[in-house]
Chemist: 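Pasting in a structure now, in structure tokens, and then I'll have a few things to ask.
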Amino acid sequence: MAELISLREAIAGLIHDGDRVACEGFTHLIPFAAGHEIIRQKKRDLALVRMTPDIIYDQMIGMGVARELVFSWGGNPGVGSLHRFRDAIEKDWPAPLTVNERSHADLANAYAAGASGLPFAVMRGYVGNDLPKHNREIKSLTCPFTGEVLAAVPSVRPDVAVIHAQKADCKGNVLLWGIVGVQKEAVLAAKRAIVTVEEIVDALEAPRNAVILPHWVVSAVCLVPHGARPSYAEGYYGRDNKFYSDWDDISRDRETFLAWMNRHVMSTADFADYERSLVGAQSKQVSHG
Amino acid sequence: MAELISLREAIAGLIHDGDRVACEGFTHLIPFAAGHEIIRQKKRDLALVRMTPDIIYDQMIGMGVARELVFSWGGNPGVGSLHRFRDAIEKDWPAPLTVNERSHADLANAYAAGASGLPFAVMRGYVGNDLPKHNREIKSLTCPFTGEVLAAVPSVRPDVAVIHAQKADCKGNVLLWGIVGVQKEAVLAAKRAIVTVEEIVDALEAPRNAVILPHWVVSAVCLVPHGARPSYAEGYYGRDNKFYSDWDDISRDRETFLAWMNRHVMSTADFADYERSLVGAQSKQVSHG
Amino acid sequence: MAEPNYSADEMMTIAAARLLKNNMVCFVGIGLPSAASNLARLTHAPDIVLIYESGTIGTKPDVLPLSIGDGELSATADTVVSVPEMFRYWLQGGRIDIGFLGAAQIDRFANINTTVIGPYAKPKVRLPGAGGAPEIAGSAGEVFIVLRQGARTFVETLDFITSAGHLDGGDARKRAGLKGKGPSVVITDLGVLKPHPETRELELVALHPGNTKEQAIAVTGWKLRIANTLETTPPPTQAELETLRALHARTARAHGNAAA
Amino acid sequence: MAEPNYSADEMMTIAAARLLKNNMVCFVGIGLPSAASNLARLTHAPDIVLIYESGTIGTKPDVLPLSIGDGELSATADTVVSVPEMFRYWLQGGRIDIGFLGAAQIDRFANINTTVIGPYAKPKVRLPGAGGAPEIAGSAGEVFIVLRQGARTFVETLDFITSAGHLDGGDARKRAGLKGKGPSVVITDLGVLKPHPETRELELVALHPGNTKEQAIAVTGWKLRIANTLETTPPPTQAELETLRALHARTARAHGNAAA
């Protein structure tokens, strides 16, 4: 049953050190506010799952939240590398990171299998690909009807799924639209789910076959306007492409990164405060270089 | 690429004797007009697939269209038995019918696997159920990660899928909403697809994540208003519950059934003509008893 | 004793409805389970989540559906999903508290037959078949069953097991790897049966007012066990009866001749 | 010879766009494939169906997306599906004619590396990884690849195979059970390469105007084979150039500094 609580309460109550946590959002609706709150509360030893770890996971990894990363594409979309992600993998900074790497098709199937209560997924994949040599979780299986050999991959079943959505109603039913990624599957595969939303309305007034998460599959709904920025929320605000570009400079150097995180995330009370701190930084023309 | 053609042309050109044909629609949007046209054109030896064979399959079976029936629930919803279906299974009339019986969960998974280009589906099912004793297509499989034993069932991959939808646009893109059943999966699992629609519009103006079948996965789009009657089309007309009830009497006796089919289906040119013939029959207070 | 002001079917539906709690997530079969579930929603359990296998989640029909996929179910649902999603993410995914089933036949371990009477290959009566029931019986947290109790429905040996109850009793379900706990109660027009905690054989635990255990024994196809303490179901309240009758009256009006 | 009025990157994008036909269903990677696909759509192939792995089907962006899931892709799509559905029903389901990929590195059999430079466990450079590419390379009807040709991109031996090209050549793909035909063409800033019909080793089949085979050989990390008949790519038409430049200009304006 969804509780309508603050993001601080939700992260404090529902995410524990050592948990397997999937913050999902495929370019769209990335749960930045929730990620910041995880960093702010100094969660540790998380196994982080995400198809497309981007800036928010770069921040979480760089701030020492993660012990393991399950992922299928790690980059700054349209910009280049994720420097904190690379530094963790290439140089063990700030700590060694166990890499559990898969393909998109694998993780998409693995979330769907998790949501379906199955221990594994079957797919056509990984033929001629070197990942199975390095990831023992990727196996194969023979079709009992045709004899074809297919890939078998373990389900993703996180302790906690974290997503951002456009709307919830006062009971905690959640509506999202546009590029919906694997968010529904992530929530249904997880034991607990935290959803931040742009607004809470009396009634969702959703189209008949819209993507809805009923209140009884969600643990907490938290009102966090702009909670996906610098990602975007269709119908609310666009992608802050400049921030993605700026991140390349902010994150390249460990000290610059730490200073930025300390100033804007660790020293702010919540996401609204973080947004105010960015406006202040911009107006003073702070150089990130 | 979708051709916008008449239903007569579509059935004549796309369904061949001996084909595996799935006419789908889960209570809602059942493709009655297309089923009638299959009967009218005297297609033979079809392997018919459908989760819920109801009146339209009762008619097709009774008129000798089918050699095999793949199904998971065969009844007249809210009324009782399907008499032609039972007569075929119990008494081989009008011809023996090979029964390939599954559960709903099985067929739903099997269509999804077919749409996914997989030869089989994995599911939790059939434990303690007697069907696998009678249907050798239902097998089991061991999870390579947990050792759990799960059911494995072959994909459904029809030669032709036939569905009814609310709308198409002039390019042949199809929109359906409400109870959408397994129609998308049936179309994507099939080699060819025929879609009858209530109307053809300039632009679908669909909500962002609506159930859409792009024109390039559909072989033919046929304009057939009321084409789902006596089933219903949300947004257009309700279910004709009286017809479902009347069918019990019409279909109970072989001769009454044949007379009715000859008068209303075999002797009519198309679905509009069929509907006119029913109005005529009602105004003359024809007794079905 | 005066004639009761309610029918045996009404008592059965009301007794079944009372077992449903507010906030339960209930996967509803058509017919008696649907009537009982909606009665619960319209009386003591307004926030119960009703799900039909047609894909309708959180549906609040004003009239009872005639089919599992009536437009009324779609129009009043919180959301409507595809049938594969329903069976994969919602049922098999373990999101259902109660699977609420009807049955053509049942045995002492609450196994269900809805497939055939007589041999499978050449049945005397071909019933509709499995539908969603086998996997509801397997994956729902627990299962409620409602059916009329009689010689043709409560049988010694099923010709076919469509949906697993407690199989051959004891911990057979667990050994077979089924996720859900299986049938926890069977409600009939005569009374209420529950599986014995250890043997999992159904025992008569309550009788509806006016019925006797001899009646129940007489119409049961196996030697029916009676619980040490045999309860009597409280009779329908006026509110329950009025709500149920109003629901049926609305339904008959809406469906015209078919439901008359 | 006068300086051409176009850049090598423009020629590459235009040459790639020309290979796409109207009505093809094309699964588009971000970056160069996306630019080429949209140029095709805006010139000779207005009805081409563009699909991005974010779930956007039949998308018609007015500006190039910076990410694989820009709002522009969603807003202009015929429909938007979930990512699991995209990979299951549309790609693995065999509905894609052309998978259009970029690459960090390629070998002579058009196998692709986008994972690591150096050993996997301790990479010198950690690249973004697989994304959707391995299964696009496996399941699409055929695969087009576009990347700049140079010593660091055209290598003798890949440190890691992320996406299968023709594996070790010949009928290796077929033997491995891959459904799609694999890479049928590689477009670079220098020219065009195609796999030899039998060995499946890439051969230079065309040069863009002003380039020489010696240039191509010099920057290729293996002994590059040259086709018997070496074509010259027709230079960009004025219409192609104007359309591409207008697209890039709109994109830069829309994305602000990020794309400037």
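Values below: all heavy atoms of this structure, side chains included; hydrogens, waters and symmetry mates excluded. Here is how names work: the chains are called A, B, and so on, in the same order as the sequence lines, proteins then strands, and each is numbered from 1.
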Chemist: To the nearest 0.5 Å, what is the distance between CG (D:L127) and CH2 (A:W73)?
Modeler: 10.5 Å
Chemist: By a 4.5 Å heavy-atom criterion (distance strictly below it), what part of D:V116 contacts chain A: side chain, backbone, both, or neither?
Modeler: neither
Chemist: If you count heavy-atom pairs within less than 4.5 Å of chain A, which of D:L167, D:L178, D:L73 leads?
Modeler: D:L178
Chemist: Where the side chain of A:N129 meets the backbone of D:T162, is there a donor-acceptor pair that is under 3.5 Å apart?
Modeler: yes
Chemist: Can you say whether A:F85 sits under 4.5 Å from chain D via the side chain, the backbone, both, or neither, judging by heavy atoms?
Modeler: side chain
Chemist: If we only count heavy atoms from C-beta on, is the A:I89 to D:P123 side-chain gap below 4.5 Å?
Modeler: yes
Chemist: Look at A:A233, A:G181, A:S231 and state which one has the largest set of heavy-atom pairs under 4.5 Å with chain D.
Modeler: A:G181
Chemist: Can you find a pair of side-chain heavy atoms, one from A:F26 and one from D:I68, that are under 4.5 Å apart?
Modeler: yes
Chemist: Taking all heavy atoms of D:G69 and all of A:Y232, pick out the closest pair and write down the distance.
Modeler: O-OH, 2.5 Å
Chemist: Contact part of D:T56 toward chain A, heavy-atom cut-off under 4.5 Å: side chain, backbone, both or neither?
Modeler: side chain
Chemist: Could you look at A:Y244 and say if it's the side chain, the backbone, both or neither that has a heavy atom under 4.5 Å from chain D?
Modeler: neither
Chemist: Should the heavy atoms of other residues, nucleotides or ligands under 6.0 Å from CD of D:E198 be counted, would the total exceed 12?
Modeler: no
Chemist: Which region of D:D70, side chain (C-beta onward) or backbone (N, CA, C, O), has a non-hydrogen atom less than 4.5 Å from a non-hydrogen atom of chain A, or is it both or neither?
Modeler: both
Chemist: Can you confirm whether the side chains of A:H104 and D:E53 place a donor and an acceptor under 3.5 Å from each other?
Modeler: yes
Chemist: If you round to the nearest 0.5 Å, how far is NZ of A:K133 from CZ of D:F160?
Modeler: 8.0 Å
Chemist: In terms of heavy-atom proximity below 4.5 Å to chain D, should A:V99 be classed as side chain, backbone, both, or neither?
Modeler: side chain
Chemist: Which atoms of A:N109 are under 4.5 Å from chain D, going by heavy atoms: the side chain, the backbone, both sets, or neither?
Modeler: side chain
Chemist: What distance separates D:N113 CG from A:D130 CG, expressed to the nearest 0.5 Å?
Modeler: 8.5 Å
Chemist: Could you walk me through whether A:Y111 and D:V83 pass the side-chain contact (heavy atoms from CB on, under 4.5 Å) check?
Modeler: CA-CA 10 Å; A:Y111 273 116; D:V83 166; over 6 Å; no
Chemist: First locate atom CZ of D:R126, then atom OG of A:S81, and finally report the distance between them rounded to the nearest 0.5 Å.
Modeler: 10.0 Å
Chemist: Could you tell me which portion of A:M123 (side chain, backbone, both or neither) has an atom closer than 4.5 angstrom to a non-hydrogen atom of chain D?
Modeler: both
Chemist: Between D:T115 and A:E101, is the side-chain contact (heavy atoms from CB on, under 4.5 Å) condition met? List the steps.
Modeler: CA-CA 10 Å; D:T115 301; A:E101 186 172 2; 3.7 Å; yes
Chemist: Tell me which of these, D:G138, D:S54, D:G31, has more heavy-atom pairs under 4.5 Å with chain A than the rest.
Modeler: D:S54
Chemist: If you tally heavy-atom pairs under 4.5 Å against chain A, which of D:A130, D:A164, D:A172, D:G131 wins?
Modeler: D:G131
Chemist: Can you tell me which portion of A:E90 sits under 4.5 Å from chain D's heavy atoms? Options are side chain, backbone, both or neither.
Modeler: both
Chemist: How long is the straight-line distance from OG of D:S67 back to CG of A:D54, given to the nearest 0.5 Å?
Modeler: 9.0 Å
Chemist: What part of A:Q183 gets within 4.5 angstrom of chain D, counting heavy atoms only: side chain, backbone, both, or neither?
Modeler: neither
Chemist: Among the options D:G177, D:P128, D:P134, pick out the one with the most heavy-atom pairs lying under 4.5 Å from chain A.
Modeler: D:P128
Chemist: So for D:K179, is it side chain, backbone, both, or neither that comes closer than 4.5 Å to the heavy atoms of chain A?
Modeler: side chain
Chemist: Inspect the surroundings of NZ in D:K122 and state if more than 12 heavy atoms from other residues, nucleotides or ligands are less than 6.0 Å away.
Modeler: yes
Chemist: Is the shortest heavy-atom distance from the side chain of A:W177 to the side chain of D:V80 under 4.5 Å?
Modeler: no
Chemist: Does a side-chain heavy-atom distance below 4.5 Å link A:I179 with D:S74?
Modeler: yes
Chemist: Evaluate whether atom CZ of D:R245 has more than 12 neighbouring non-hydrogen atoms of other residues, nucleotides or ligands under 6.0 angstrom away.
Modeler: yes
Chemist: More than 12 non-hydrogen atoms from neighbouring residues, nucleotides or ligands closer than 6.0 Å to NZ on D:K60, yes or no?
Modeler: yes
Chemist: Select, from A:S72, A:G178, A:A105, A:G128, the one with the greatest count of heavy-atom pairs under 4.5 Å involving chain D.
Modeler: A:A105
Chemist: Heavy-atom pairs under 4.5 Å with chain D: which of A:G125, A:P53, A:G74, A:P77 has the most?
Modeler: A:G74
Chemist: Could you pull out the closest heavy-atom pair between D:S82 and A:V180, with the gap in Å?
Modeler: CA-CG2, 4.0 Å
Chemist: For the residue pair D:E135 and A:R124, establish whether any side-chain heavy-atom pair is separated by less than 4.5 Å.
Modeler: no
Chemist: Below 4.0 angstrom, N of the basic side chain to O of the carboxylate: do D:E72 and A:R239 qualify?
Modeler: no
